[in-house]
Amino acid sequence: MIKDIYRQGRTVFSFEVFPPKKEEEIYDIYKTLDALKTLGPDFISVTYGAGGSNSKKTAAIAAYIRNLCDIEPIAHITAVAMDEKFLTGFMEELNSKGVSNVLALRGDRPKDMTDEAYANRTFLHAEDIIRVIRKQSESCIAAACYPEIHPESESRESDLRYLKQKVDTGVDFLITQMFFDNSRFYEFRELADKAGIRVPISAGIMPIIKSSQLGTSVSLSGTSVPKELSHLVAKYADSPEDMQKAGIEFAVNQINDLIANGVDGIHIYTMNRAATAQAIMENIDR
Ligand code: FAD
């Protein structure tokens, strides 16, 4: 299980992939995974649609990582639109496929979910599904955390208080939201420690290799963009190849600084681009 890898006392490296939307693209993700495997990650995570529509794909891809790549997979689960029966069925499916690690999330409200359905959802917070999973299974459970606080949080204090509560419900390790300014991560790590949160924390790194990436999703996530990165994006707006090189170099520098400062793990949001992950892994001080 992934929690045992963190006990080895070295930096844990992991990747995130997402299931392709189109059925015919499913083979592309398997090719991507074969390429990611050669980079020797400790584990690979597979995202889950907030509405639950791609849960079968999440399970199938996680099973491929386990059984054909021989790497620990972790399946994301978002609770916002599911009930306990669905959750139990999904956990049984993962278990039958040899997948024993889950990243338990609340998820964001799906676009087609009515106000009434959202207000009456079974699981209000990630903590609520973690409690159920912990009761039903021996699986290793991870959860999300936010160095620059979750956008819906009232304050840093409340976000940390709920994070501590979530971890105490049965979380084995945490993965952060993407961030580009390491000082935000170091500050968060110290505050989490002071709050009594003692599980390993992997730093989520999103390589910015296209200027368009700094658009809506980054601003909605509440992640701040340091001047150095926004300058690069402005400078190379019309030069995709240079932007790609500069974005990879930025991520490599960010990761090397985190490793030098004793980070527990590095989790790269690969966006299903194996070549980007490879360029990063070849250039970091591993
Ligand atoms: P929670 O932990 O429930 O927190 C959400 C908010 O509620 C926070 O403001 C928190 O402070 C507050 N809160 C928590 N517990 C309580 C409580 N008991 N009482 C009152 N307030 C509380 N989304 C997807 O759809 N699919 C994915 O695969 C996916 N993967 C992700 C992976 C990572 C590493 C990260 C960081 C995010 C991912 N997300 C994914 C996005 C995630 O679903 C959203 O950020 C969502 O808004 C919050 O999920 P959470 O599990 O962090 O929620």
Side-chain angles (χ1 to χ4, degrees), residues 2 12 14-21 43-55 57-59 61-62 73-82 87 90 94 101-113 118 121-133 141-180 184-185 188 191-192 195 197 199-206 216-223 264-272:
I2 294 172
V12 173
S14 55
F15 299 139
E16 178 186 285
V17 297
F18 58 83
K21 282 214 175 80
F43 68 89
I44 299 180
S45 85
V46 189
T47 66
Y48 186 100
S53 56
N54 66 0
S55 68
K57 284 187 199 162
T58 300
I61 295 168
I74 178 162
H76 298 205
I77 304 181
T78 57
V80 66
M82 63 169 63
L87 174 61
F90 189 58
L94 292 176
N101 310 284
V102 291
L103 173 53
L105 302 141
R106 184 200 68 184
D108 290 317
R109 178 179 168 170
K111 284 191 192 85
D112 57 358
M113 195 174 189
Y118 187 66
R121 66 193 190 274
T122 306
F123 300 112
L124 291 180
H125 303 288
E127 179 192 324
D128 302 318
I129 59 163
I130 293 166
R131 192 170 297 108
V132 173
I133 298 170
I141 305 177
C145 63
Y146 302 82
E148 299 181 67
I149 84 171
H150 187 274
E152 290 165 33
S153 289
E154 275 167 27
S155 64
R156 157 76 74 201
E157 290 68 33
S158 74
D159 205 28
L160 274 171
R161 195 169 61 248
Y162 290 128
L163 180 62
K164 164 87 169 103
Q165 205 169 297
K166 175 160 82 170
V167 168
D168 287 350
T169 309
V171 169
D172 295 302
F173 69 98
L174 294 166
I175 302 179
T176 75
Q177 176 62 284
M178 67 178 132
F179 61 89
F180 304 111
R184 305 291 181 117
F185 174 78
F188 165 75
L191 290 170
I197 296 164
V199 293
I201 304 175
S202 270
I205 301 296
M206 170 75 85
T216 335
S217 63
V218 171
S219 55
L220 283 180
S221 73
T223 304
D264 297 315
I266 298 289
H267 187 69
I268 300 176
Y269 295 111
T270 69
M271 305 300 287
N272 294 359

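All figures in this text were calculated on a predicted structure; none of them were measured in a lab. Because only heavy atoms are used, hydrogens play no part in the values below, and waters and symmetry mates are left out as well, while side chains stay in. Numbering of ligands and ligand atoms starts at 1, following listing order.
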Partner of S221 by side-chain contact (heavy atoms from CB on, under 4.5 Å), out of H150, Q177, E148: Q177
Output the list of atoms in ligand 1 that are nearer than 4.0 Å to some heavy atom of [X], sorted by atom number.
X    : value
A144 : 35 (C), 36 (C), 52 (O)
Q177 : 36 (C)
Q165 : 18 (N)
T47  : 28 (O)
H150 : 6 (C), 8 (C), 9 (O), 45 (O), 46 (C), 47 (O), 48 (C)

Treating [X] as the side-chain partner and [Y] as the backbone partner, does any N or O pair qualify as donor plus acceptor under 3.5 Å?
X    : Y    : result
D172 : I141 : yes
D128 : H125 : yes
T78  : G49  : yes
K166 : A144 : yes
D159 : S153 : no
N272 : V17  : no
T223 : M178 : yes

Begin from the C-alpha positions of I77 and M82 and carry the test side chain to side chain contact (heavy atoms under 4.5 Å, CB included) through to its verdict. CA-CA 10 Å; I77 304 181; M82 63 169 63; 3.5 Å; yes
[atom]: which of [options] has the nearest heavy atom?
atom                    : options              : answer
atom 43 (O) of ligand 1 : G49, S221, G107, P19 : G107
atom 14 (C) of ligand 1 : Y162, F123, Y48      : Y162
atom 24 (C) of ligand 1 : T169, T78, I175      : T78
atom 13 (N) of ligand 1 : R109, H125, E16      : H125

Nearest non-hydrogen protein atom, [atom]:
atom                    : answer
atom 9 (O) of ligand 1  : S153 OG, 2.7 Å
atom 45 (O) of ligand 1 : Y146 OH, 2.7 Å
atom 28 (O) of ligand 1 : H76 ND1, 2.8 Å
atom 38 (C) of ligand 1 : L105 CD2, 3.7 Å

Min heavy-atom dist G204 to ligand 1 below 4.0 Å: no
Is F18 near ligand 1, meaning one of its heavy atoms is under 4.0 Å from it?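 Checking ligand 1 against F18, which is what was asked, there is no heavy-atom contact under 4.0 Å.
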Does an N or O anywhere in [X] fall below 3.5 Å from an N or O of ligand 1?
X    : answer
K166 : yes
A126 : yes
D108 : yes
Y269 : no

Of the side chain and backbone of [X], name the one, both, or neither that has a heavy atom under 4.0 Å from an atom of ligand 1.
X    : result
R106 : both
D159 : both
E127 : side chain

With side-chain hydrogen bond (donor to acceptor under 3.5 Å, both in side chains) as the test, would you mind laying out the steps for H76 and T47 before giving the verdict? CA-CA 5 Å; H76 298 205; T47 66; 5.4 Å; no
How close do L87 and F123 get, heavy atom to heavy atom, and via which atoms?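 Heavy atoms of L87 and F123 come nearest at CD2-CZ, 3.9 Å.
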Please determine whether a side-chain nitrogen of the Lys or Arg among R131 and E127 lies less than 4.0 Å from a carboxylate oxygen of the Asp or Glu. yes
With a cut-off of under 6.0 Å to the ring centre and 45° to the axis, is R109 in cation-pi contact with Y118? yes
